[in-house]
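The block underneath contains the structure these notes are about, expressed in structure tokens.
First listed ligand is number 1; within each ligand, the first listed atom is number 1. Counting begins at 1 with the first residue of the sequence. None of these values were measured; they are calculated from a predicted model.
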Amino acid sequence: MSKGALVILSGPSGVGKDTVIEAWKQIRPNVVRVVAYTTRQPRKGESDGIDYRFVSEDEFRTMADSGKFLEWKEVHGNFYATPLNDMQALLDDEKIAILKIDVQGAITAMEKRSDAISIFLLPPSWEELERRIRGRKTDSEEVIKIRLENAEREMAFADKYQHQVVNDDLNKCVEEIDRIVVSGR
Ligand code: ADP
């Protein structure tokens, strides 16, 4: 088993972050996503503790006030955060702990954890990003428009990350990320 590492993974919605993480786990069993906390309602098919830890706004505020989060933010009226304890427990256990976070959270995480390896996932093209977002069939036209606008803003942050990896061919993308994190190249 490879040794532990902290990985910050960002990229616009629909670029393939979840898909890449799942595929990476297949070839690197100690890869684990740090499950974020959120106050938003679970979507169909999501379960507590796997996709997110779904908590009330009161619970969230109490945790934020007592310093339990590496970073937290509000998006469209919902709160999201990275739990410090869970993250540290995974690192202590020699896991490759992935923070799948937005660009703002990522910048904060980079400042607080200089040991983290930061990776920005890029789509092969705008057309392909839009195709993937539409292909998921989970979003309304309005949400798709917002995601595409957000994507443009997020992509401007790509060069703040140590590594930029294009998710074109999934296996190649995963191999490149694995090489970066495990061999430090
Ligand atoms: P994110 O987690 O970044 O929002 P997802 O992992 O949900 O993105 O992927 C969005 C869509 O793109 C999914 O339908 C997924 O199957 C598809 N996808 C992901 N990676 C690739 C790839 N390398 N080639 C083609 N389709 C992909």
By number and element, which atoms of ligand 1 are closer than 4.0 Å to a non-hydrogen atom of [X]?
X      : answer
Pro12  : 3 (O)
Asp18  : 2 (O), 6 (O)
Arg136 : 1 (P), 4 (O), 7 (O), 8 (O), 10 (C), 11 (C), 13 (C), 14 (O)
Leu170 : 23 (N)

### Query
Would you call Gly135 a ligand 1 contact, heavy-atom distance under 4.0 Å?
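So Gly135 does not count as touching ligand 1.
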
Identity and distance of the protein heavy atom lying nearest [atom]:
atom                    : result
atom 6 (O) of ligand 1  : Thr19 OG1, 2.6 Å
atom 10 (C) of ligand 1 : Gly14 O, 3.4 Å
atom 26 (N) of ligand 1 : Arg132 NE, 3.5 Å
atom 8 (O) of ligand 1  : Gly16 N, 3.1 Å

[Y] and [X] side chains, donor-acceptor separation under 3.5 Å:
X     : Y      : answer
Glu74 : Asn78  : no
Ser13 : Arg136 : yes
Glu71 : Thr82  : yes

### Task
Please work out whether any backbone atom (N, CA, C, O) or any side-chain heavy atom from C-beta onward of Cys173 is under 4.0 Å from ligand 1, and answer side chain, backbone, both or neither.
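Looking at Cys173 and ligand 1, no heavy atom falls under 4.0 Å.
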
### Query
Looking only at heavy atoms, is any part of Asp168 under 4.0 Å from ligand 1, and if so is it the side chain, the backbone, or both, or is it neither?
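The part of Asp168 near ligand 1 is the backbone, not the side chain.
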
### Query
Got a sec: does the CD of Glu57 have more than 12 other heavy atoms crowding it under 6.0 Å?
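Counting neighbours around CD of Glu57, more than 12 heavy atoms of other residues, nucleotides or ligands fall under 6.0 Å, so yes.
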
Check whether any side-chain heavy atom of [X] sits under 4.5 Å from a side-chain heavy atom of [Y], and report yes or no.
X      : Y     : answer
Arg113 : Leu91 : yes
Val20  : Val15 : no
Leu84  : Lys68 : no

### Message
Would you say the rings of Phe69 and Phe60 are close, in the sense that their centroids are separated by under 6.0 Å?
### Response
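Under 6.0 Å, so yes.
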
### Message
Please report whether the ring centroid of Phe79 lies less than 6.0 Å from that of Trp72.
### Response
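For Trp72 and Phe79, the ring centres are under 6.0 Å apart.
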
### Message
Any nitrogen or oxygen of Asn167 lying under 3.5 Å from a nitrogen or oxygen in ligand 1? Just yes or no.
### Response
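Between Asn167 and ligand 1, an N or O pair is found under 3.5 Å apart.
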
### Query
For Lys17 and ligand 1, does the shortest N/O to N/O distance drop below 3.5 Å?
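Lys17 vs ligand 1: N/O contact under 3.5 Å present.
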
